[in-house]
Amino acid sequence: MTRKGLGGLVILLASIAGMAVAAAAPFYWTASLEPQIAEKAEMLALLERKMGAAGKSVTPVRIDTDAVYVKGTTPGLAGAELQRLVAELALASGMKIEKLEVLPAEERDGATVLRLDVDTVGTIEALRSYLHAIETGAPLIFVREAHIGVDKLENEEVAVLPSERLTVGLQLEAVAWWTK
């Protein structure tokens with residue numbers, strides 16, 4: 001056999017060996033993960049038994065997807081609904097709305113992303129309540145930006161703590177989705 005033929009044979013054998021290793025690698029990896037999978041399955045079974053003993057349901061809770069999205073058949077109607085929801089939350093929290101402005105909507109992955117600029121005034125307690133209501137309520141509303149300052153009083157003689165007169169600028173974002 002010539003030197004050129006011998007070199008070709010070595011390359012051929014090396015490529016066959018490489019393909020065999022590549023074909024066997026997933027089986028080796030799966031076998032190495034089996035003990036971890038078994039351990040996690042045991043832990044899951046234990047947690048399910050504990051939840052059952054505590055009287056909690058083991059079945060997952062069904063999420064109401066309609067509560068995730070802002071309702072509306074067009075971007076304008078969904079924006080108006082978002083304005084209404086944010087104003088209600090502010091009123092319930094004790095914040096005073098100074099400005100609500102719907103920003104242009106953006107199409108993303110088949111859904112419409114709604115943005116809203118909100119300027120409010122209130123106390124630190126009201127602000128905490130307002131942000132909690134926004135972040136934990138339905139539909140899902142996210143605070144993208146927040147600017148907090150102290151409201152300048154015309155009559156500085158009034159003895160009011162700065163935390164009792166906050167101005168808050170928020171940029172909120174929510175998602176509306178409908179079949180188009």
Side-chain angles (χ1 to χ4, degrees), residues 40-41 43-180:
K40 300 297 180 192
M43 180 60 82
L44 180 60
L46 176 66
L47 290 173
E48 286 175 347
R49 283 194 303 274
K50 280 186 174 183
M51 287 178 65
K56 296 180 182 171
S57 172
V58 176
T59 58
V61 177
R62 178 168 156 59
I63 297 173
D64 182 12
T65 54
D66 290 337
V68 173
Y69 300 106
V70 176
K71 291 176 178 49
T73 55
T74 66
L77 291 175
E81 177 66 9
L82 179 59
Q83 276 184 314
R84 184 189 67 75
L85 291 169
V86 167
E88 281 181 4
L89 292 174
L91 181 63
S93 301
M95 295 295 287
K96 178 183 164 200
I97 297 279
E98 291 189 334
K99 179 185 94 171
L100 275 174
E101 179 184 354
V102 177
L103 301 175
E106 175 187 325
E107 294 294 319
R108 191 184 309 157
D109 298 328
T112 302
V113 178
L114 305 169
R115 288 193 182 80
L116 189 65
D117 266 344
V118 183
D119 289 340
T120 61
V121 177
T123 66
I124 191 77
E125 292 85 14
L127 175 60
R128 183 199 55 77
S129 177
Y130 185 47
L131 290 175
H132 183 265
I134 287 172
E135 288 279 337
T136 60
L140 295 180
I141 303 172
F142 304 97
V143 176
R144 298 317 250 168
E145 288 184 26
H147 302 279
I148 302 170
V150 177
D151 190 17
K152 304 272 192 262
L153 293 176
E154 292 176 13
N155 183 2
E156 286 294 333
E157 295 177 13
V158 179
V160 178
L161 294 173
S163 63
E164 297 297 315
R165 49 190 174 104
L166 298 177
T167 59
V168 181
L170 301 172
Q171 187 177 87
L172 305 176
E173 189 173 275
V175 178
W177 181 81
W178 54 84
T179 53
K180 295 172 176 118

Exactly one of Leu170, Leu166, Val121 clears side chain to side chain contact (heavy atoms under 4.5 Å, CB included) with Leu127, and that residue is Leu166

Got Leu140 and Val175 here, is their nearest side-chain heavy-atom distance under 4.5 Å? no

Straight-line distance of Lys71 NZ to Leu77 CG, nearest 0.5 Å: 14.0 Å

Quick check for you: to the nearest 0.5 Å, what is the distance between Ile124 atom CD1 and Ile148 atom CD1? 6.5 Å

Tightest non-hydrogen contact, residues Met95 and Thr120, listed as CE-OG1, 3.1 Å

So CZ of Arg84 and CG of Leu100: to nearest 0.5 Å the spacing works out to 12.5 Å

Could you tell me the separation between the CD1 atom of Ile141 and the CD atom of Glu173, rounded to the nearest 0.5 Å? 11.5 Å

I'd like to know whether Leu114 forms a side-chain contact (heavy atoms from CB on, under 4.5 Å) with Val102, so could you lay out the CA-CA distance, the side-chain angles of the two residues, the decisive distance to 0.1 Å, and finally the verdict. CA-CA 8 Å; Leu114 305 169; Val102 177; 5.9 Å; no

By side-chain contact (heavy atoms from CB on, under 4.5 Å) - contacts of Leu85 (at least two apart): Glu81, Pro139

Find the distance between CG (Asp119) and NZ (Lys96) and round it off to the nearest 0.5 Å. 12.0 Å

Return all side-chain donor-acceptor pairs below 3.5 angstrom for residues 128-137, not counting sequence neighbours, or 'none' if the list is empty.
{"from": "Glu135", "atom 1": "OE2", "to": "Val143", "atom 2": "N", "distance (Å)": "3.1"}
{"from": "Thr136", "atom 1": "OG1", "to": "His132", "atom 2": "O", "distance (Å)": "2.6"}

